[in-house]
Amino acid sequence: MKTILIAEDEKFIRKGLVTMVRRSGVPVETILEARDGEEALELLRQNQVDLLITDIRMPKMDGIKLVSQLGELDHQPMVLVISGYDDFSYAVEMLRNGVFDYLLKPVERERLFEVLEKLEDQYRQKQDQQKEQGQRLLRTLRHLMLGRTPAARSGGSRRRAAAAAFSLAPMWAFVPGTVPGTYRRASSGSTP
């Protein structure tokens, strides 16, 4: 994972989580910090965050509301919740919103390391899938441009072949300002 955001209102816990993430062995380039949900949401809008580690009870905006608003972002991070409250209703609400895991405070270092390793594996798989889909799309485009598609070989028009290929292929758009080769699924009706 390249970027992790830790949203936690208690400074000592936040700094402790930063230290544990750095010592976990999971490769991380940047760790961002937020004192509350509003600050976290602003950082999420400004940065491409791969993992959000959030507390539930924070001032201004709690973790539940923060997680529920992630769907509005162009790049949705994986989410790990850390809370001091062993409340089943909190856990259920967070899991409904796609949270990867729910850890209780005080956080056990080994348990956090284990979860971070699983999240890193999931991140790598997602990156590999996106890269493979991007390569598949480029091959399709190359074949369309050279007229090597089955429709073009059988006398069909390139326009029909292109329409067929794009109706089946997932649409991906290059994300400006990111690592070369980074793509995201284009929303319907938008242009890259």
Does [X] pair with [Y] as a salt bridge, N-O distance under 4.0 Å?
{"X": "K131", "Y": "D128", "value": "no"}
{"X": "K15", "Y": "E33", "value": "yes"}
{"X": "K105", "Y": "D55", "value": "yes"}
{"X": "R14", "Y": "E10", "value": "no"}

If you take all heavy atoms of [X] and [Y], which pair is closest and at what distance?
{"X": "Y102", "Y": "L80", "value": "N-CD1, 4.4 Å"}
{"X": "R45", "Y": "Q69", "value": "NH2-OE1, 4.5 Å"}
{"X": "I82", "Y": "L17", "value": "CD1-CD2, 3.7 Å"}
{"X": "A40", "Y": "L5", "value": "O-CD2, 3.5 Å"}

With no hydrogens and no angle check, do the side chains of Q129 and Q125 hold a donor and an acceptor under 3.5 Å apart?
->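 There is no such pair between these side chains.
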E108, CD atom: more than 12 neighbouring heavy atoms under 6.0 Å =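 It does not: E108 CD has 12 such atoms or fewer within range.
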Within this structure, what is the [atom1]-[atom2] distance for the pair [X] and [Y], rounded to the nearest 0.5 Å?
{"X": "M61", "Y": "S68", "atom1": "CE", "atom2": "OG", "value": "8.0 Å"}
{"X": "F113", "Y": "R23", "atom1": "CZ", "atom2": "CZ", "value": "8.0 Å"}
{"X": "L66", "Y": "M58", "atom1": "CG", "atom2": "CE", "value": "5.5 Å"}

Could you check Q48 against T3 for side chain to side chain contact (heavy atoms under 4.5 Å, CB included), going step by step and ending with a plain yes or no?
-> CA-CA 7 Å; Q48 186 167 335; T3 305; over 6 Å; no
Pair M78-Q122, side chain to side chain contact (heavy atoms under 4.5 Å, CB included): steps then yes or no = CA-CA 9 Å; M78 297 178 287; Q122 191 176 57; 3.2 Å; yes
Any chance you could lay out the side chain to side chain contact (heavy atoms under 4.5 Å, CB included) test for D62 and R57, step after step, and finish with the verdict?
-> CA-CA 5 Å; D62 65 21; R57 291 200 180 175; 5.8 Å; no
Answer yes or no: is there a donor N or O on one side and an acceptor on the other, between the side chain of E39 and the main chain of R35, under 3.5 Å?
->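 The answer is yes, because a donor-acceptor pair under 3.5 Å joins these two groups.
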Are L52 and L70 close enough, and set up right, to give a side chain to side chain contact (heavy atoms under 4.5 Å, CB included), and what steps lead you there?
-> CA-CA 10 Å; L52 168 63; L70 295 179; 4.2 Å; yes
